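The basis for the numbers below is simple: all heavy atoms, side chains too, and nothing from hydrogens, waters or symmetry mates. Worth saying up front: this structure is predicted, and the values here are computed from it rather than measured.
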Amino acid sequence: MIIYQVYPRSFADSNNDGIGDLAGIELKLPYIKSLGVDAIWISPFFKSPMKDFGYDVSDYRAVDPIFGTMDDFKSLMRRAKSLGLGVIVDMVISHTSEEHSWFKQSRARENNKSDWYLWSDPKPDGSPPNNWVSVFGGPAWRWDAERRQYYFHSFLSSQPDLNMHNLAVQDAVLAEMDFWLDMGVTGFRFDACNHVFQDELLRNNPPRENTVDALHPYGFQVHLYDQGRPEMLPFLERIRKLLDAYGAFSLAEVGGVDPLKLMGQYTQPGRLHSAYSFALMRPDYSAAYVRNVITTLEEHLHPASSACYAMSNHDKPRVATRWLQGRDPVDTAKAHFAMLLCMRGDICLYQGEELGLPQADVPFERLQDPFGISFWPKFKGRDGCRTPMPWTDAAHGGFSTVEPWLPVDASHRALNVEEQEANSASMLHFAREMIALRQEHPALMLGHIDFFDAPDGVLAFRRHHEGRVLLCVFNMDGVAKTMHGLDANQVVRAQHARFEGGTLSLGTSGFALLED
């Protein structure tokens, strides 16, 4: 499956209030369909105080007014179905907003919800129960004066973690999923899956030996007890039973201590269908690194399961900047896009990736992300990948007629959809062609993957299915490379490449897909 992620605040603003909305997404569904993808994943649009921009849910069954109404969502669903597009809803199941009725009742010890969140008494000296820290910085425990206890939060202090050890909480979360499945959604992307369970004994995390790259104290610990717990596995089986009753799809976001291993565990038979990690959203773009990621995943995956590969999303700097390394931006974006579309498994594309959008430069005074505001300038937050989609070269990129919630980067306006549509050599046209090639080629859609020897800096693997073999070769280095003795007879797709007599020459950002 090829999935196109839509970040609703920044996709299309239909009512010109500066914030994208569901009606805007519906207006742009024909564009998404034209890419050739199978489904859209919509980041959270539930009712929320928006302290973490929708990932702090206060009501799972309501659309936040800034995005529209439930009727708008139903209309979007009908339009997507008519176009043959699936709709994947982003479910946040590790935590809620402090404004959720469940948390208010738990804080007040009402309606048998006293232990629906992870509460703990202080130590005798009043300090938190253990050494756990928040992903966003600072202690992971917040004192609540009403209960005279601490509650745990993996992220912002306004995002208390649910106590998923409680079966009643699991039942309630499954009921929220059932609500959307009844409405006909294709399935769910599950946010922060490794954060759903914590150690019931609240044991301290051990220290990490190497903390040189740590942004803040979260990086000083090995997170053995506050995430990635084995109790998650039977809960995933409960989720899968519900999904199977509707024929629905599931995609997990997996981070943590050993995310590639967890991806394998989470996608075992009877659990989730697919999972992705941040492994290809790191600064390392070397052929050796990418090969190691794929090889490690293949070792952990069950033969019948598959990973989902993604190079960009709403949380990480865009790949067009992160892996550019001084090369031509359009050629490099094309090469990376081609590589992504040649991988085995599901594929996630992030809005604007098909345009080759670079990371936007958002000045401090326009930052919205609390994570970035806290750690500027060492860490600039997530706003640079969340700026509005550029549809035209008009003011604000045609996203809105008023100043949007985040500024439109000048470099994005130059890469707008309208102008790329008019240029047959554009990244947008290339993206459509690569998606079509993947959808039509059995080796790419269904084939196995194995690597073969290549010069340093070159990623080379075979995709093969029922006798059809495709050699996929990518120059990840900044200098030209040559390979000899390749057994192929035609070039299916290439860039900065020459193939003759079994010898392949690749220039900078060069790649070749060769049919055996």
Side-chain angles (χ1 to χ4, degrees), residues 2-13 20 24-25 28 31-32 34-37 40-43 278 280-283 285 309-341 347-363 366-369 372 380-400 404-423 425-435 509:
I2 302 177
I3 302 163
Y4 185 88
Q5 183 194 354
V6 173
Y7 192 69
R9 294 181 72 91
S10 297
F11 196 62
D13 177 13
I25 297 172
K28 300 299 184 181
Y31 166 78
I32 297 173
S34 77
L35 298 175
V37 302
I40 59 171
W41 144 28
I42 308 176
S43 290
F278 298 102
L280 295 183
M281 300 184 206
R282 298 170 60 84
Y285 70 101
Y309 286 97
M311 291 184 177
S312 292
N313 71 9
H314 65 290
D315 280 329
K316 298 294 182 180
R318 288 183 176 272
V319 68
T321 294
R322 181 167 29 87
W323 285 4
L324 181 59
Q325 301 299 315
R327 294 171 289 178
D328 179 83
V330 176
D331 288 347
T332 306
K334 288 179 178 179
H336 293 150
F337 196 93
M339 181 176 69
L340 179 62
L341 269 290
I347 303 296
C348 264
L349 304 173
Y350 180 49
Q351 65 183 50
E353 196 169 354
E354 76 279 11
L355 303 176
L357 295 187
Q359 182 78 349
D361 185 16
V362 180
R366 290 296 305 272
L367 284 189
Q368 302 290 324
D369 183 12
K380 296 184 178 181
R382 300 165 292 177
D383 290 331
C385 61
R386 297 178 173 184
T387 56
M389 182 81 169
W391 296 101
T392 70
D393 192 34
H396 314 307
F399 165 78
S400 178
W405 75 289
L406 283 174
V408 177
D409 194 285
S411 66
H412 287 197
R413 282 183 60 181
L415 295 170
N416 70 79
V417 171
E418 185 176 70
E419 292 192 16
Q420 291 207 36
E421 290 280 19
N423 177 6
S426 70
M427 176 65 194
L428 176 57
H429 281 275
F430 175 84
R432 286 197 181 107
E433 291 161 7
M434 274 304 308
I435 292 171
S509 299

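- Applying the side-chain hydrogen bond (donor to acceptor under 3.5 Å, both in side chains) test to every pair with at least one member in residues 323-339, sequence neighbours left out, gives these pairs: Asp331-His496, Thr332-Ser509.
- Residues Ile435 and Ile347 form no side-chain contact, since every pair of their non-hydrogen atoms from C-beta on lies 4.5 Å or further apart.
- Interatomic distance, Met281 CE to Met311 CE, rounded to the nearest 0.5 Å: 9.5 Å.
- By the side-chain hydrogen bond (donor to acceptor under 3.5 Å, both in side chains) test, Trp405 pairs with Ser10, sequence neighbours left out.
- Ser312 places a side-chain N or O within donor-acceptor distance of the main-chain N or O of Val319, the cut-off being under 3.5 Å.
- The distance from atom CD of Gln5 to atom CG of Leu349, rounded to the nearest 0.5 Å, is 10.0 Å.
- A search for side chain to side chain contact (heavy atoms under 4.5 Å, CB included) contacts involving Leu357 returns Arg318, Leu355, Pro390, His412, Leu415, not counting sequence neighbours.
- A search for side-chain hydrogen bond (donor to acceptor under 3.5 Å, both in side chains) contacts involving Thr392 returns nothing, not counting sequence neighbours.
- Remark: the backbone N or O of Tyr7 is paired with a side-chain donor or acceptor of Gln351 at under 3.5 angstrom.
- Every pair passing salt bridge (charged side-chain N to carboxylate O under 4.0 Å, His left out) that includes a residue from residues 380-397 is listed here, sequence neighbours excluded: Asp52-Arg382, Asp315-Arg382, Asp315-Arg386, Asp369-Arg382, Asp393-Arg413.
- The side chain to side chain contact (heavy atoms under 4.5 Å, CB included) search around Ala12 returns Lys28, Trp391, not counting sequence neighbours.
- Between Gln368 and Val362 there is no side-chain heavy-atom pair separated by less than 4.5 Å.
- Scanning for side chain to side chain contact (heavy atoms under 4.5 Å, CB included) contacts around Pro404 gives Pro388, His396, Phe399, Val408, with sequence neighbours left out.
- Taking both residues in full, the closest heavy atoms of Pro8 and Ile25 are given as CB-CD1, 4.0 Å, listed atom of the first, atom of the second, then distance.
- Using a 4.5 Å heavy-atom threshold, the side chains of Val6 and Ile32 count as touching.
- Gly356 and Ala333 get closest at one heavy-atom pair: CA-CB, 4.2 Å.
- Under the 4.5 Å side-chain criterion, counting only non-hydrogen atoms from C-beta, Ile42 is not in contact with Phe11.
- In this structure, Glu421 and Tyr31 have side chains that are in contact, with non-hydrogen atoms separated by less than 4.5 Å.
- Contact annotation: the side chain of Lys316 never approaches that of Cys385 to less than 4.5 Å [non-hydrogen atoms, C-beta and beyond].
- Between Leu324 and Pro329, the closest side-chain pair of non-hydrogen atoms falls below 4.5 Å.
- By the salt bridge (Lys or Arg N to Asp or Glu O under 4.0 Å) test, Glu419 pairs with no residue at all, sequence neighbours left out.
- The structure places OH of Tyr285 at 12.5 Å from CZ of Arg322, a figure rounded to the nearest 0.5 Å.
- Partners of Arg366 according to the salt bridge (Lys or Arg N to Asp or Glu O under 4.0 Å) rule, which considers only residues two or more places apart in sequence or in another chain, are Glu403.
- Legend: residues meeting side-chain hydrogen bond (donor to acceptor under 3.5 Å, both in side chains) with Trp41, ordered by chain and number and at least two apart, are Asp90.
- Separating the CG atom in Leu280 from the CG atom in Asn313 is a distance of 11.5 Å, to the nearest 0.5 Å.
- Under the side-chain hydrogen bond (donor to acceptor under 3.5 Å, both in side chains) criterion, Asp13 pairs with Ser400, not counting sequence neighbours.
- Scanning both residues, Ser34 and Arg432, for their nearest heavy atoms gives OG-NH2, 2.9 Å.
- Formation of a donor-acceptor pair under 3.5 Å by the Glu354 side chain with backbone atoms of Ala431 is not found in this model.
- Under the rule for a side chain to side chain contact (heavy atoms under 4.5 Å, CB included), the partners of Ala338 that lie at least two apart in sequence or sit in another chain are Phe430, Met434, Phe474, Phe511.
- At least one side-chain heavy atom of Gln359 sits under 4.5 Å from a side-chain heavy atom of Pro317.
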